[in-house]
Participant: 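Just dropping this structure here.
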Amino acid sequence: RDRAMLDGETLTEAYASVLAGIGVRVQGARLTSEMSESIATSAQTAQTSKSGVNLDEEAARLMQYQQSYQAAAKMLQVAQTVFDSLLDLGR
């Protein structure tokens, strides 16, 4: 049995009190985090519905356009090489 007293509490009681306080803070932080995540998701959904733009779809389209541009640039490069080769044959 612990007889040391700290402000009217034994050491064991003080330790339990500190741990309980930490537990309460951790639980409060967890709830705050969950609420913040929920609010952020709701805000993003509202923003998407208001703007009529789905950011994931737009990103996919941008990637598709980029790939199309790169393919067209490669075709032009090949055509330039073929044209240069034909000019060299004519000389």
Side-chain angles (χ1 to χ4, degrees):
R1 186 170 172 198
D2 195 330
R3 294 187 186 267
M5 301 290 282
L6 297 172
D7 293 331
E9 294 182 319
T10 65
L11 188 58
T12 304
E13 291 170 338
Y15 182 72
S17 177
V18 168
L19 285 181
I22 291 171
V24 167
R25 288 184 193 148
V26 168
Q27 186 63 26
R30 184 177 294 134
L31 289 173
T32 301
S33 171
E34 290 172 359
M35 285 180 12
S36 294
E37 186 177 343
S38 176
I39 290 169
T41 301
S42 296
Q44 185 176 13
T45 302
Q47 187 265 341
T48 300
S49 69
K50 292 278 185 192
S51 68
V53 175
N54 184 323
L55 296 179
D56 291 334
E57 287 178 16
E58 291 299 316
R61 284 189 192 127
L62 284 174
M63 287 175 46
Q64 183 181 12
Y65 294 143
Q66 181 183 18
Q67 290 171 350
S68 297
Y69 177 82
Q70 289 171 340
K74 187 67 175 176
M75 296 237 345
L76 286 173
Q77 184 182 20
V78 169
Q80 182 68 41
T81 302
V82 169
F83 185 70
D84 288 342
S85 296
L86 287 174
L87 286 177
D88 286 343
L89 286 175
R91 292 182 189 167

Participant: Sequence neighbours left out, what passes salt bridge (charged side-chain N to carboxylate O under 4.0 Å, His left out) with Asp88? Give chain and number order.
Facilitator: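 Partners of Asp88 under the salt bridge (charged side-chain N to carboxylate O under 4.0 Å, His left out) test: Arg91.
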Participant: Identify every side-chain donor-acceptor pair in residues 37-46 under 3.5 Å, counting partners at least two apart or on other chains, and give the distances.
Facilitator:
from  : atom 1 : to    : atom 2 : distance (Å)
Thr41 : OG1    : Glu37 : O      : 3.0
Ser42 : OG     : Ser38 : O      : 3.1
Thr45 : OG1    : Thr41 : O      : 2.9

Participant: So which residues get pulled into Leu87's cluster when ILVMFWY side chains under 4.5 Å apart are joined, directly or through others?
Facilitator: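 The other cluster members (ILVMFWY side chains, heavy atoms under 4.5 Å, direct or chained) are Phe83.
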Participant: My understanding is that only residues two or more places apart in sequence, or in another chain, count here; which of them pass side-chain contact (heavy atoms from CB on, under 4.5 Å) with Val82?
Facilitator: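 Once residues adjacent in sequence are excluded, the partners of Val82 under the side-chain contact (heavy atoms from CB on, under 4.5 Å) criterion are Val78, Leu86.
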Participant: Taking distance alone, no hydrogens or angles, what donor-acceptor pairs closer than 3.5 Å link side-chain atoms of residues 57-68 to residues at least two apart or in another chain?
Facilitator:
from  : atom 1 : to    : atom 2 : distance (Å)
Glu58 : OE2    : Arg61 : NH1    : 2.7
Ser68 : OG     : Gln64 : O      : 3.0

Participant: Donor-acceptor pairs are to be reported for all side-chain atoms of residues 19-32 against protein atoms at under 3.5 Å, with residues two or more places apart or in another chain.
Facilitator:
from  : atom 1 : to    : atom 2 : distance (Å)
Gln27 : OE1    : Arg30 : NH1    : 3.1
Thr32 : OG1    : Gly28 : O      : 2.8

Participant: CG of Leu76 to OG1 of Thr81: how many Å apart, nearest 0.5 Å?
Facilitator: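 OG1 of Thr81 is found 10.5 Å from CG of Leu76.
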